[in-house]
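A short write-up of the structure that comes next.
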Amino acid sequence: MLEIANIREESTEIVEALKKRNFDYREIVDDLIKTDESRRQTQAELDSKQAELNTLSKEIGELFKSGKQAEANEAKAKTADLKQATHALREALTELENKQQELLYQVPNRPHSSVPLGKTDQDNELVYSSGELPNFDVAVPHWEITEKYDLINFELGVKITGAGFPLYKGKGARLQRALINFFLDEADNAGYTEYIPPHVVNEASGFGTGQLPDKEGQMYHVTEDNLYLIPTAEVPLTNIFRGDMVSASDFPIKLCGYTPCFRREAGSYGKDVRGLNRLHQFDKVEIVQIQHPDKSYETLDAMVAHVKGILEKLELPFRIVRLCGGDLGFAAALTFDFEVYSGAQDKWLEVSSVSNFETFQANRLKLRFKDSDGKNKLAHTLNGSALALPRIMAALLENNQTENGVRVPDALQKYTGFDIIN
RNA sequence: GGAGAGUUGGCAGAGUGGUCGAAUGCGGUGGUCUUGAAAACCAUUGUGCCGAAAGGUACCGGGGGUUCGAAUCCCUCACUCUCCGCCA
């Protein structure tokens, strides 16, 4: 959520910057400014009426104390009009506040100046690529490899739960566990504190990181208890700091956690959802940082470097793209996506998304710190997947396939306990 | 699932319908003392909104009500804790 004070002060610049998202927010912003003006005016009127009422109340108290009943009762009569006026003003104010809030929810984050123009993922800017693309005569897709070596059972998942809930088995399960431990160790070495958070969150947490109210349909909702299955560890990890005033000397706050992630993925279809490409439940290690606004972009670079390091150790061909305005998420100011190459599918699979949200999430979370000038300011939040497992698994299986089986990269062997899957 | 007790500032913890944004302690910050530190002492220390400022206003779990006036009384919802039951 953008800050109303910023919108008030630089609405032109903000509308201009938001055009990168291929939408003109002029109308909403104008409405916001208008609403904000009435809101402030109403607030001022209410405050002054309230002040009158408070003064009068004190006087009445004094009169009663000094035994002047008649005068007190006379003064009492005067409060009736004031009470009515304040009541009406308070209602108007609440309405305006709600309207302003609703409007603010509709405005996405202001894209960073480096965000390229564009409409779809085709327009993302390639900023880095690494590794040789494998060249197979006959490449077997991962959903055949997993069947051949009995690593993942998709049909059993359908039987037990439904499509998109695979079962990992034997070396498949072991590989999964190895990847989680490898990613967590990498994060630990980079100074991130590990958490095991709840996998179910309440409504307030959903609002805090912005899944609610917009993406409600994407989360599994336990209506009986009004709780939501987490779509990413970002939700519980970032909400640790909801409503907090952190100390500037704590920056950067670095945390990580492994969790399963649950996504309804309503509206997905076709070959995009084949095999491990898109699941309702998948595993992910997430890294989160809370940082001083002056340093958040350095931190973003560091997080990108961290993910890069992991993919290099896994010996996977990958590339990094800077998301264009059209592809940029609602809450992000700048996002780098990591994509690994899938040899058999001949396409790039997104495995990580590293973003700086600046104050957008912090404003909703009310996550602040006391700056050196003594003022309370919103912190910057950042997060990234390091990494999401299924597509890494898919790429590992497809790219490392040989006639004798699937080769396990060196860095993973101490975690798997085997060097080949056959 | 049953019964009871609670929810107050960064934390702990008082609070009789009016002078309570709230005692006190701890913590934080600044200072005195000290070669330095500790201790002690002194001062200071919540947040939002409106306002150029002075100042005003709101906030004692959320919402509503009674009253001239509510942290305090009433209703309601949420959450926490304790005991009993069940149970990994």
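Lettering of chains follows the sequences in order, A, B, ..., and the numbering in each one begins at 1. Note that these values count all heavy atoms, side chains included, but never hydrogens, waters or copies made by symmetry.
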Candidate nucleotides B:C50, B:G56, B:A58, ranked by approach to the side chain of A:Asp47 - the nearest: B:G56

Minimum-distance nucleotide to A:Asn54 side chain [options: B:C50, B:U57, B:U47]: B:U57

Considering only atom P, compute the distance from B:U29 to B:C75 and round it to an integer number of Å. 45 Å

Salt-bridge present (A:Asp150, A:Lys169; N to O < 4.0 Å): yes

If we only count heavy atoms from C-beta on, is the A:Ile152 to A:Met393 side-chain gap below 4.5 Å? yes

Taking only the C1' atom of each, what is the distance from B:U7 to B:G62 in whole angstrom? 11 Å

Please determine whether a side-chain nitrogen of the Lys or Arg among A:Asp31 and A:Lys99 lies less than 4.0 Å from a carboxylate oxygen of the Asp or Glu. yes

Please measure how far the P atom in B:U45 lies from the corresponding atom in B:G55, and state the result in whole Å. 14 Å

Nearest-neighbour nucleotide for the A:Arg368 side chain, B:G48, B:U57, B:C68 considered: B:G48

Of the options B:G18, B:U47, B:U57, whose atoms approach the side-chain atoms of A:Ser57 most closely? B:G18

Picking from B:C50, B:C68, B:G48, the nucleotide nearest the side-chain atoms of A:Ala44 would be B:C50

From CZ of A:Arg40 across to P of B:G48 the rounded distance in Å is 17 Å

Residue matched to B:A58 through Watson-Crick or wobble contacts both under 3.5 angstrom: B:U47

For the C1' atoms, the ones on B:G13 and on B:G85, what distance do you get once it is rounded to whole angstrom? 34 Å

Side-chain contact check for A:Lys83: nearest option of B:C50, B:G69, B:U47 is B:G69

Pick the C1' atom in B:U16 and in B:G10, then give their distance to the nearest Å. 29 Å

Look at the side chain of A:Arg39 and decide which nucleotide, out of B:U47, B:C50, B:G65, has an atom nearest to it. B:C50

Partner nucleotide of B:G69 by Watson-Crick or wobble geometry (both distances under 3.5 Å): none

Which residue in the set A:Glu10, A:Glu16, A:Glu13 passes salt bridge (charged side-chain N to carboxylate O under 4.0 Å, His left out) when paired with A:Arg110? A:Glu10

Checking base pairs now: Watson-Crick or wobble, both atom distances under 3.5 Å. What partners B:A53? none

If we take the C1' atom in both B:G28 and B:C11, what is their distance in whole Å? 12 Å

Roughly how many Å apart are B:G15 and B:G61, using the P atom of each and rounding to a whole number? 15 Å

Say you pick atom C1' in B:C20 and the same atom in B:A78; how far apart are they, in whole Å? 27 Å

Let's test this: given Watson-Crick or G-U wobble pairing with both distances under 3.5 Å, identify the partner of B:C86. none

Answer yes or no for A:Lys171 and A:Phe418: cation-pi contact, defined as NZ/CZ to six-membered ring centre under 6.0 Å and angle to ring axis within 45°. yes

